[in-house]
Amino acid sequence: MPKLPGINHERAVKAFEKANFWVTRQGKHITMTNGERIITIPRANPVNAFTMGGIVKDAGLSIKEFKKLL
């Protein structure tokens with residue numbers, strides 16, 4: 001599996017928006033959905049690589065697909 005470095009939460013939100021997710025709620029975490037899946041991104045800079053990998057998996061994307069969106 002390709003490695004995923006820690007990523008700024010704002011950059012991650014923009015990448016998920018390109019994958020047809022939209023922000024539904026904001027607070028200490030940002031909740032996004034595509035109508036089918038719900039993902040939660042913590043407001044951290046950077047978001048831990050392990051955490052980011054789990055979020056990408058929950059979104060139904062591969063690490064490779066997500067890197068292309070960045």
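- By the 4.5 Å heavy-atom criterion applied to side chains, V13 and V23 are counted as neighbours.
- Residue pairs satisfying the side-chain hydrogen bond (donor to acceptor under 3.5 Å, both in side chains) criterion with at least one member in residues 9-19, sequence neighbours excluded, are listed as follows: H9-N45.
- Residues I41 and L70 are members of one and the same hydrophobic cluster, defined by side-chain heavy-atom contacts under 4.5 angstrom among Ile, Leu, Val, Met, Phe, Trp and Tyr.
- Nearest heavy atoms, L69 versus A15: CD1-O, 3.6 Å.
- Residue pairs satisfying the ring pair (Phe, Tyr, Trp, His ring centres under 6.0 Å) criterion with at least one member in residues 34-65, sequence neighbours excluded, are absent.
- I38 CD1: 12 or fewer foreign heavy atoms inside a 6.0 Å radius.
- Here NZ of K64 is found 10.0 Å from NZ of K67. Values are rounded to the nearest 0.5 Å.
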Table please: side-chain donor-acceptor pairs of residues 25-33 below 3.5 Å, with sequence neighbours left out.
unit_1	atom_1	unit_2	atom_2	d
Q26	OE1	R43	NH2	2.6
T33	OG1	G35	N	3.0
T33	OG1	R37	O	2.8

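- Partners of F66 under the ring-ring contact (aromatic ring centres under 6.0 Å, His included) rule, at least two apart in sequence or in another chain, are F16.
- Looking at every heavy atom in both residues, P46 comes nearest to G6 through CB-C, 3.6 Å.
- The side-chain heavy atoms of I39 and V56, taken from C-beta on, include no pair separated by under 4.5 Å.
- Contact check for T40 versus I55: no side-chain heavy atoms found under the 4.5 Å cut-off.
- For the atom pair CG of N8 and CE of M52, the computed distance is 10.5 Å after rounding to the nearest 0.5 Å.
- Counting all heavy atoms, side chain and backbone alike, P42 lies closest to T51 at CG-CG2, 4.4 Å.
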